[in-house]
**Student:** 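Below: one structure in structure tokens.
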Amino acid sequence: MNIQNTKSNQTDSHNNSADLSHIVLVYEDNNFARELFGQFDENIALVERELNINAVARGNELEIRGPSEACEQARLTFDSLYTRLQNGDELTSGDVEGAIRQARVMPKTVASKKGANGSRLAFSSIATLRKTIHARTRTQDAYIRAMEGDELIFGTGPAGTGKTYLAVAYAAALLERGAIDRIILSRPAVEAGERLGFLPGDMKEKVDPYLRPLYDALYDMIPGDKVERALASGVIEIAPLAFMRGRTLANAAIILDEAQNTTSMQMKMFLTRLGENSRMIVTGDPSQIDLPRGQKSGLVEALQLLGNISGIANVQFTAADIVRHRLVTKIVEAYDAADKVATKRG
């Protein structure tokens, strides 16, 4: 956070407990302060509930009381969110939850330092035409860093962790800054058995239902008219997995979603399409395989075979990384627990 625009003061509480703190944050921009606190102070209430602290807003000041560690985490949370507002970002409840996660895992010795731009050290972010996406968990941060440093990235784990959304965001950012010439999106159509000719419509209409999550992410990153022009010109290409044989994909960001539903042969075929100056991002959830019983998942096999090759990264998300509604995390954990019990009994 820019320390010229925000000042903070911390003193000991008078509760005869060294573990309690009293922090006062003062924000010089009243408009940003109102956005930071949220409508009817909803963002403050969320931080209070998650960190078990008491916080009261008075004008452009925020007074925080509670356990020392939790108060420091609250301060880091509001500092991070205020910096986003200064950078022109809008805040959602998901952004607040992500900032809380970030503050919880940030080591104290690192959190107290300043970044090169004067802001608190923070997780990685991806800047696209429509928005800047900030990592909300440590795993998301590792995932973005892996996409920046490696040529083939596997992002595996449960739904709702942002692995596909971040992959599309990173591809859009690469395209925007001219690092690649095109984006190629692919997803196995297991329900249609890859026999897309039996479905009505042209190729785009046949595969659209399977690629809708990728489309949704694209329109979130790039203005709609630009997406349409890019699709028409082939800069953004929809490439059904079964139709990618024989190609070499250079100067491209290539994303394979729902990769757990590829066969071993399909996965080998897809991975060997990687060309010069390209990034290939493979996402999937090995616990949600829809292949016929007894058929091995190409994703599971690839993770076993390619784990020790330089230039290939495998980032594994867990239920703790789910950034959708908090009930989704509890649902995933409940199903995982049931699966473990069933496995032991079997």
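The residues of the chain are indexed from 1 along the displayed sequence.
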**Student:** Step by step, work out the side chain to side chain contact (heavy atoms under 4.5 Å, CB included) result for Ile100 and Leu51.
**Tutor:** CA-CA 8 Å; Ile100 293 170; Leu51 295 178; 3.9 Å; yes
**Student:** Taking the side chain as everything from C-beta on, heavy atoms only, tell me whether Leu218 gets closer than 4.5 Å to Leu185.
**Tutor:** yes
**Student:** Do Gln260 side-chain atoms and Gln288 backbone N/O form a donor-acceptor pair below 3.5 Å?
**Tutor:** yes
**Student:** Are Tyr27 and Phe32, when compared by the centres of their aromatic rings, separated by less than 6.0 Å?
**Tutor:** no
**Student:** Suppose we call two aromatic rings close when their centres sit under 6.0 Å apart. Are Tyr170 and Tyr143 close by that rule?
**Tutor:** no
**Student:** Between Lys163 and Val282 (side chain of the first, backbone of the second, donor and acceptor by atom type, cut-off under 3.5 Å), is there such a pair?
**Tutor:** no
**Student:** So, Ser264 and Glu301: side-chain donor and acceptor under 3.5 Å apart, yes or no?
**Tutor:** yes
**Student:** Go through the steps to decide whether Thr263 and Lys296 satisfy the test side chain to side chain contact (heavy atoms under 4.5 Å, CB included), and finish with yes or no.
**Tutor:** CA-CA 6 Å; Thr263 64; Lys296 190 171 185 178; over 6 Å; no
**Student:** Could you tell me which non-hydrogen atom of Met269 sits nearest to which non-hydrogen atom of Leu241, and how far apart they are?
**Tutor:** CE-O, 3.2 Å
**Student:** For the residue pair Thr283 and Thr156, establish whether any side-chain heavy-atom pair is separated by less than 4.5 Å.
**Tutor:** no
**Student:** How long is the straight-line distance from SG of Cys71 back to CD of Gln73, given to the nearest 0.5 Å?
**Tutor:** 9.5 Å
**Student:** Salt bridge or not between Arg136 and Asp95? Use side-chain N to carboxylate O under 4.0 Å.
**Tutor:** yes
**Student:** For the backbone of Ser287 and the side chain of Asp285, can you confirm whether one donor and one acceptor N or O come within less than 3.5 Å of each other?
**Tutor:** yes
**Student:** Say you draw a straight line from CD1 of Ile180 to CD1 of Ile254; how long is it, rounded to the nearest 0.5 Å?
**Tutor:** 8.5 Å
**Student:** So that I can tick it off, tell me whether Glu63 and Arg65 are bridged by a salt bridge, with the cut-off set at under 4.0 angstrom between side-chain N and carboxylate O.
**Tutor:** yes
**Student:** We want to know whether Tyr165 and Asp216 form a side-chain donor-acceptor pair, criterion being a heavy-atom distance below 3.5 angstrom.
**Tutor:** no
**Student:** Is any NZ, NE, NH1 or NH2 atom of the basic residue among Arg58 and Glu61 found under 4.0 Å from an Asp or Glu carboxylate oxygen of the other?
**Tutor:** no
**Student:** Using a strict threshold of under 4.0 Å (side-chain N to carboxylate O), is an ion pair present between Arg279 and Glu148?
**Tutor:** no
**Student:** Would the distance check show the side chain of Ser278 and the main-chain N or O of Leu274 forming a donor-acceptor pair, the cut-off being under 3.5 Å?
**Tutor:** no
**Student:** Might you confirm whether atom CD of Glu151 has over 12 heavy atoms from other residues, nucleotides or ligands at distances under 6.0 Å?
**Tutor:** no
**Student:** Answer whether the closest heavy-atom distance between the side chains of Glu72 and Ser21 falls below 4.5 Å.
**Tutor:** no
**Student:** What I'd like to find out is whether the side chain of Ile184 reaches to under 4.5 Å of the side chain of Ile255, using heavy atoms alone.
**Tutor:** no
**Student:** Are any of the side-chain heavy atoms of Tyr82 and Leu25 separated by less than 4.5 Å?
**Tutor:** no
**Student:** Please name the residue in the list Thr161, Ile281, Val315, Ile133 that meets the side chain to side chain contact (heavy atoms under 4.5 Å, CB included) test with Leu166.
**Tutor:** Ile133
**Student:** Looking only at heavy atoms, which two atoms of Gly59 and Phe37 are closest? And how far apart?
**Tutor:** O-CE1, 3.5 Å
**Student:** On a heavy-atom basis, which atom in Gln140 and which in Thr137 lie closest, and how many Å separate them?
**Tutor:** N-OG1, 3.1 Å
**Student:** Roughly how far, to the nearest 0.5 Å, is the CG atom of Leu249 from the CG atom of Asn277?
**Tutor:** 12.5 Å
**Student:** Do Ser310 and Asp150 come close enough that some side-chain heavy atom pair is under 4.5 Å?
**Tutor:** no
**Student:** Is the side chain of Asn30 donor-acceptor paired with the backbone N or O of Asn60 at a distance under 3.5 Å, no angle test?
**Tutor:** no
**Student:** Using modelled atom types only, decide if a donor and an acceptor are shared between the side chain of Ser80 and the backbone of Thr77 within a distance under 3.5 Å.
**Tutor:** no
**Student:** I want to check something: taking the side chain as every heavy atom from C-beta on, are Ser186 and Met244 in contact at a cut-off of under 4.5 Å?
**Tutor:** yes
**Student:** Check whether Glu228 reaches the backbone of Asp225 with its side chain - one donor and one acceptor, N or O, closer than 3.5 Å.
**Tutor:** no
**Student:** Taking all atoms of both residues into account, what is the closest heavy-atom pair of Ala259 and Leu299, and its distance?
**Tutor:** O-CB, 3.4 Å
**Student:** Show your reasoning for whether salt bridge (charged side-chain N to carboxylate O under 4.0 Å, His left out) applies to Glu237 and Arg247.
**Tutor:** CA-CA 13 Å; Glu237 180 184 352; Arg247 303 179 63 185; 2.8 Å; yes
**Student:** Could you state the interatomic distance from CG (Asp181) to CG (Asn251), rounded to the nearest 0.5 Å?
**Tutor:** 4.5 Å
**Student:** Taking NZ, NE, NH1 and NH2 as the nitrogens, is one of them in Arg84 or Asp89 under 4.0 Å from a carboxylate oxygen of the other?
**Tutor:** no
**Student:** Say you draw a straight line from OG1 of Thr139 to CD1 of Ile322; how long is it, rounded to the nearest 0.5 Å?
**Tutor:** 11.5 Å
**Student:** Cluster question for you: counting only ILVMFWY and a side-chain heavy-atom cut-off of under 4.5 Å, with indirect links fine, are Leu303 and Ile309 together?
**Tutor:** yes
**Student:** Checking Leu62 against Val56 for the side chain to side chain contact (heavy atoms under 4.5 Å, CB included) test, could you report, in this order, the C-alpha distance in whole Å, the side-chain angles of both residues, the deciding distance, and whether it holds?
**Tutor:** CA-CA 6 Å; Leu62 181 64; Val56 178; 6.0 Å; no
**Student:** Please step through side chain to side chain contact (heavy atoms under 4.5 Å, CB included) for the pair Leu91 and Glu35, ending with a clear verdict.
**Tutor:** CA-CA 8 Å; Leu91 297 185; Glu35 291 185 62; 5.6 Å; no
**Student:** Does His134 reach the side chain of Thr132, with side-chain heavy atoms less than 4.5 Å apart?
**Tutor:** yes
**Student:** Looking only at heavy atoms, what is the nearest atom pair of Leu291 and Ser297, with distance?
**Tutor:** CD1-CA, 3.7 Å
**Student:** Quick one: CG on Leu76 to CG on Asp79, what's the gap to the nearest 0.5 Å?
**Tutor:** 6.5 Å
**Student:** Within a reach of under 6.0 Å around NZ of Lys268, are more than 12 heavy atoms found that belong to other residues, nucleotides or ligands?
**Tutor:** no
**Student:** Which heavy atom of Phe317 sits nearest a heavy atom of Gly155, and at what distance?
**Tutor:** CE1-CA, 4.4 Å
**Student:** Whether the side chain of Asp321 engages the backbone of Thr318 through a donor-acceptor N/O pair (distance < 3.5 Å, no angle test) should be reported.
**Tutor:** yes
